[in-house]
Amino acid sequence: MSTEGFSTRSVHLPSQVDPVTHTIEVPIVLNTAFAYEDLESWLRVALHQDPGHIYSRNSNPTCRHFEEAMAGLEGTEAATSFSTGMAAISSTLLALLSPGQRVVSIKDSYGATYLHFTQILPRFQIRCDVLDTEDEEGIEAAIEQGCDLVYLESPTNPTLKVLDLQRICAAAARVGAITVVDNTFATPINQNPASLGADLVIHSATKFICGHNDALGGVVCGSRALVDRVYRYRELTGSALDPFSAYLLLRSIKTLALRVRQQNENALRVARYLEQHPAINQVYYPGLASHPQHDVAAGQMRGFGGVLSFDVKGGLEAIRRILPRLQHAYMAANLGQVATIVGPPSATSHVECTEEERAAAGIPEGLVRYAVGIEDPEDLIADLAQALS
């Protein structure tokens, strides 16, 4: 990984001065197909013998710049991009797994991810053991029985549980399993799972990477060999990132470090305020000393992220009264934006799951996911105070 700071890398990765046009910003290349003057040069590019592009479902110059930037931020050899975060997750799983293989994962993953392990992959005779996130000894024991892929998320969505990534990645390496880590909540600014032993790192780029609520995207970062396997699957199935979204994501990466630092500060101050509020049962945020995995988070993260959640006394009925009163938070199904976004898991992260499935994952119906923006923290706290009153 580069020794430069994350703000410097965010601004200057990849090198962006075009040698022909001398443009500083990466241009939006909207071409569907790319023409060649002779068949031989065309075939060399088509067969990946020479660099270049032939068709934007396969690769595109603007998307390639985005991939290079993300690989640089995560400290990996390569990256490949997708139309959405879930396209990145599903493509990775289906590219790497075959019938008869076994996955070890955790209960506290994003709702659509969780359903891949409980409903989709089992249809292909792939065994999926979905374990208690807080039982790391149990996770290690399950891995030691032999598995092909370990899928982790840390911090988790929406209960902000934290896994000891180095410990679990080491256990996976001992049995030759591939470890995949969803790093969406942490961002590359706060955490780099590849440096802790992960083989692949996934982001829903729609969230913090974008940060402006105007582009969808996903990305997988890792070794060139593994990324190529995922890329081949994406190339065949067609869930490619579009060039305009890639341009917007590249624009956003320039301010990623600045935004995340402000969101880290805001989230910690809001969490500390809510932890003392009489209307709140519990606050979930790894930056709090009361968080069960606070020490682990402090050891592997540079900041604790811009998302927290809290359990409101009075449950869902109380949420129905409180959320519409907030003046500095949008009720919406997103996070990681410059504006604060709030909502219950039943309408956001786990909307695809039943109430019983949410309960099994340890998600109370009175939980609120609060994704801070870059507003002044004093205003966010005052807004919460008036809404909770």
Side-chain angles (χ1 to χ4, degrees), residues 1 71 74-80 85 88-110 113-114 116-118 120-122 124-157 161-186 188 190-203 218-231 233 286 293 295-297 299-301 361:
M1 182 179 288
E74 283 293 3
T76 61
E77 287 182 337
T80 190
I89 291 168
S90 60
S91 295
T92 298
L93 294 172
L94 292 169
L96 300 179
L97 292 167
S98 299
Q101 292 190 312
R102 178 171 177 254
V103 177
V104 171
S105 189
I106 55 172
K107 290 182 180 178
D108 290 274
S109 56
Y110 175 60
T113 306
Y114 173 82
H116 271 69
F117 298 124
T118 58
I120 295 176
L121 294 179
F124 298 92
Q125 288 76 55
I126 297 168
R127 178 183 168 187
C128 300
D129 290 350
V130 183
L131 305 173
D132 185 346
T133 309
E134 296 170 288
D135 182 11
E136 292 193 350
E137 289 186 4
I139 295 170
E140 276 189 309
I143 292 170
E144 287 167 3
Q145 293 172 15
C147 68
D148 302 282
L149 187 143
V150 177
Y151 189 97
L152 307 171
E153 186 178 305
S154 183
T156 62
N157 184 1
K161 292 177 182 175
V162 173
L163 291 155
D164 186 334
L165 295 179
Q166 194 163 22
R167 174 183 178 180
I168 298 175
C169 290
R174 287 195 294 270
V175 299
I178 297 169
T179 306
V180 183
V181 177
D182 185 332
N183 201 36
T184 299
F185 266 34
N190 288 328
Q191 178 176 271
N192 297 115
S195 69
L196 300 169
D199 297 299
L200 291 174
V201 181
I202 290 182
H203 288 272
V219 65
V220 177
C221 308
S223 69
R224 192 165 302 281
L226 279 177
V227 168
D228 280 349
R229 288 176 63 184
V230 178
Y231 163 76
Y233 184 87
Q293 295 96 33
D295 290 343
V296 174
Q300 68 188 22
M301 301 178 74

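All heavy atoms count here, side chains included; hydrogens, waters and symmetry mates do not. No experiment lies behind these values; they were computed from the predicted model shown.
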**OP:** Specify the closest pair of heavy atoms between Leu96 and Gln101, including all atoms of both residues, with the distance to one decimal.
**Re:** O-OE1, 3.5 Å

Subject >> Distance (rounded to the nearest 0.5 Å) between Asp199 CG and Leu226 CG >> reply: 6.0 Å

**OP:** Using modelled atom types only, decide if a donor and an acceptor are shared between the side chain of Thr80 and the backbone of Tyr231 within a distance under 3.5 Å.
**Re:** no

Original post:
Excluding sequence neighbours, so at least two apart, what forms side-chain hydrogen bond (donor to acceptor under 3.5 Å, both in side chains) with Ser154?
Top reply: none

Original post:
Between atom OG1 of Thr113 and atom CD1 of Ile89, what is the distance when rounded to the nearest 0.5 Å?
Top reply: 3.5 Å

**OP:** Could you walk me through whether Cys169 and Thr179 pass side-chain contact (heavy atoms from CB on, under 4.5 Å), step by step?
**Re:** CA-CA 6 Å; Cys169 290; Thr179 306; 3.5 Å; yes

Original post:
Is Asn192 reaching over with its side chain to a backbone N or O of Ala194, donor-acceptor style, under 3.5 angstrom?
Top reply: no

**OP:** Applying side-chain contact (heavy atoms from CB on, under 4.5 Å), run through Gln300 and Gln166 and close with a yes or a no.
**Re:** CA-CA 8 Å; Gln300 68 188 22; Gln166 194 163 22; 5.6 Å; no

Original post:
Short question: side chain of Asp129, backbone of Val104 - any donor-acceptor pair under 3.5 Å?
Top reply: no

Original post:
Would you say Glu153's side chain and Ser109's backbone share a donor-acceptor pair under 3.5 angstrom?
Top reply: no

Original post:
Considering all heavy atoms of both residues, which atom of Leu121 and which atom of Phe117 are nearest to each other, and what is their separation?
Top reply: CD1-CD2, 3.8 Å

Subject >> Under 3.5 Å donor-acceptor, Gln191 side chain and Ala297 backbone >> reply: no

**OP:** For residues Val227 and Val220, report the shortest heavy-atom separation together with the two atoms involved.
**Re:** CG2-O, 4.1 Å

Original post:
Should we say atom CZ of Arg174 is surrounded by more than 12 heavy atoms from elsewhere, each under 6.0 Å from it?
Top reply: yes

Subject >> The single option from Leu200, Leu165, Ile202, Val201 passing side chain to side chain contact (heavy atoms under 4.5 Å, CB included) against Asn183 >> reply: Val201

Original post:
Looking only at heavy atoms, which two atoms of Ser98 and Ile126 are closest? And how far apart?
Top reply: O-CG1, 3.5 Å

Original post:
Under the side-chain contact (heavy atoms from CB on, under 4.5 Å) criterion, do Leu97 and Phe124 qualify, and how do the steps go?
Top reply: CA-CA 9 Å; Leu97 292 167; Phe124 298 92; over 6 Å; no

Original post:
For the residue pair Ala177 and Cys147, what are the closest heavy atoms and their distance?
Top reply: CB-O, 3.5 Å

Original post:
Does the side chain of Leu93 reach to within under 4.5 Å of the side chain of Val180, using non-hydrogen atoms?
Top reply: no

**OP:** Kindly say whether Ile106 contributes a backbone atom to a donor-acceptor pair with the side chain of Thr133 at under 3.5 angstrom?
**Re:** no

Original post:
How long is the gap from SG on Cys128 to NE2 on His116, to the nearest 0.5 Å?
Top reply: 10.5 Å

**OP:** Please round to the nearest 0.5 Å and tell me the distance separating atom CG of Asp108 and atom CG of Asp132.
**Re:** 7.5 Å

Original post:
What's the shortest heavy-atom distance between Thr156 and Phe185, and which atoms?
Top reply: O-CE2, 3.6 Å

Solution key, residues 136-144 side-chain donor-acceptor pairs under 3.5 Å, sequence neighbours excluded:
from, atom 1, to, atom 2, distance (Å)
Glu136, OE1, Arg167, NH1, 3.3
Glu136, OE2, Asp164, N, 2.8
Glu140, OE1, Arg167, NE, 3.0
Glu140, OE1, Arg167, NH2, 2.8
Glu140, OE2, Arg167, NE, 3.4

Original post:
When rounded to the nearest 0.5 angstrom, what is the spacing between CZ in Arg102 and CD in Gln145?
Top reply: 5.0 Å

